[in-house]
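Report on one structure; see the data block that follows.
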2 protein chains.
Amino acid sequence: MAYKTASRQTIQRLPLYLSYLRSLPSDGPTNVSATAIAEALDLNDVLVRKDLASVSAGGRPRIGYITQDLIFSIEQFLGYRDTKSAVLVGAGNIGQVLLHYKGFAKHGMNIVAAFDTDESVVGESINGKQVFSVDKLSNLCERMKVRIGIISVPAPSAQEICSILVKSGVMAIWNFAPVQLKVPDNVMIYNEDWFSSLDQLLKHLNDRLHDNI
Amino acid sequence: MAYKTASRQTIQRLPLYLSYLRSLPSDGPTNVSATAIAEALDLNDVLVRKDLASVSAGGRPRIGYITQDLIFSIEQFLGYRDTKSAVLVGAGNIGQVLLHYKGFAKHGMNIVAAFDTDESVVGESINGKQVFSVDKLSNLCERMKVRIGIISVPAPSAQEICSILVKSGVMAIWNFAPVQLKVPDNVMIYNEDWFSSLDQLLKHLNDRLHDNI
DNA sequence: TAGATTGTTAATCGATTAACAATC
DNA sequence: TAGATTGTTAATCGATTAACAATC
């Protein structure tokens, strides 16, 4: 199969299409048109067609795409269809939220273990996931060939944990600590930066309030 | 003062500049060049200058910008310098994390009260913020002219809470529930969509793993 | 057939980068 | 002065949208 690529923007929209397609009634029509998707999501229809072209085998004029095939293609493209293991470090507030999330499986990610330094949490089991001492982190990652690390520790410890993860073979890090982590070029960092969207919200609100004086 | 505007991208970068500027040693030089900022943040220097032009009174050739003035200008532009009140609805896991966050004040936002339906939490105080029954939500928002609502309730209740907030005069909503909320055009929604960045991480990891076969 | 829909090619748009003159 | 730096104007780049031919 030719290797398909997609722009960052396209990858951001694909999950939207997926959730729309999944929301369609299962007893409804088996086909769906790019025009319909575009209208439902308030996007340009050509844009939708271009995005879908980077994922699917293509639709048919007058008919559109076969809904189920499209769902499958998007899931496959995004990698939802083969499960990847992840470790979570920091079983505090945010860590607990993540450990309780049920949606990760649908996205093809499985948290196999949690880690913390706090002795009172170590040994416990949260939503079926065992919490280990951070001492064990490196060893487990290497043994299980874990490629995804989730960092939900306080900011001051984040870099240290990050370095351990990288040394243990982790290739992608999902970072919830408000720190700019330093990693080698071959490791990907995704920062979950709440303040970024808050800042935009506040900026726009501010502008609106001033306009209305 | 002429009304300054900035693109969405610029607004996203301004907080980066701010955090870099704040990180500079206070006993160091009082000036900073766009070139230095650009290098530190791995950006193009002309880009930085353009961004700063939309915020500040301008720098001087050979000297650069006065660090403190620049910090002030960015804070002012982003609206950090006048505090806005917010209410938080849903004092569960994520809600607790947000209530404990200390950084909001620096961004000009203050959570004045929390709300929940769970009787066992109502009446309690989390990090100095009182938790009220949701019944009181509408009344408090109107009385205190609150313009920001933070939704951290489970997905099924999100739309209902959202409607109450909108009816009570809230103009901007920061949504942590994984739901597409419906609001009038004049209300701004900012979704904190964890899955979006997770999807990109997983997609890239997938591509990398396949490349290396 | 007529018309809805796809997919492609060209035009537009906005953001970034390059080139360069102005300045201290 | 020489050179670092700013800010502006033009070129480039990538993404979106428009126009349109192909198809069922």
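Proteins come first, then strands; the chains are lettered A, B, ... in the order of their sequence lines, and each starts at number 1.
- If you measure from atom CG of L52(B) to atom P of dG7(D), you get 8 Å, rounded to the nearest angstrom.
- As rounded to whole Å, 15 Å separates atom C1' of dT6(C) from atom CG of L47(A).
- Put simply, CD1 on I66(B) is 14 Å from P on dC24(C), counting in whole angstrom units.
- One can place CZ of R62(B) at 16 Å from P of dG7(D), the figure rounded to the nearest angstrom.
- Counting any heavy atom pair closer than 4.0 Å across all strands shown, R60(B) reaches sugar-phosphate atoms only and no base atom.
- The residue among I63(A) and G58(B) whose nearest nucleotide of DNA chain D is located toward the 5' end is G58(B).
- Between the CG atom of D51(B) and the C1' atom of dT16(C) there is a distance of 10 Å, rounded to whole Å.
- Phosphate proximity of dA15(C) to T10(B): absent, as no side-chain N or O sits under 4.0 Å from OP1 or OP2.
- Residue contacts for S7(A): at a heavy-atom cut-off of 4.0 Å it reaches the sugar-phosphate backbone alone, with no base atom in range.
- Across dT6(D), dT8(C), dA18(C), the shortest atom-to-atom separation from the side chain of V46(A) is found for dT8(C).
- Contact annotation: R13(A) side-chain N/O to dA15(D) OP1/OP2 distance is not under 4.0 Å.
- Along DNA chain D, the nucleotide nearest P61(A) and the nucleotide nearest N44(A) are compared for position; the residue whose nucleotide lies closer to the 5' end is N44(A).
- Pairing for dA15(D) goes to dT12(C), judged as Watson-Crick or G-U wobble with the two contacts each under 3.5 Å.
- Of the N and O atoms on the side chains of T35(A) and D45(A), not one donor lies less than 3.5 Å from an acceptor on the other residue.
- Taking the six-membered ring for Trp and thresholds of 30 and 60 degrees, Y80(B) and H107(B) have ring planes inclined between 30 and 60 degrees apart.
- Side chain to side chain, K102(B) and N127(B) fail the donor-acceptor criterion of an N or O pair below 3.5 Å.
- Atom CG of D45(A) is separated from atom P of dT5(C) by 10 Å (rounded to the nearest Å).
- At the heavy-atom level, R8(B) lies nowhere under 4.0 Å from the strands shown.
- In this entry the distance linking CD of Q9(A) with P of dC13(D) reads 17 Å, nearest Å.
- Of the candidates dC24(D), dA10(D), dT5(D), dA10(D) carries the atom nearest the K50(B) side chain, counting heavy atoms from C-beta on.
- The pair D199(B)-K203(B) does not meet the salt-bridge criterion, since no charged nitrogen lies less than 4.0 angstrom from a carboxylate oxygen.
- Distance N31(A) CG to dC24(D) C1': 13 Å, rounded to the nearest Å.
- Using cut-offs of 30° and 60° for the angle between ring planes, the Y190(A) and H204(B) rings count as tilted.
- Across all strands shown, dC24(C) forms a Watson-Crick or G-U wobble pair with dG3(D), both key distances being under 3.5 Å.
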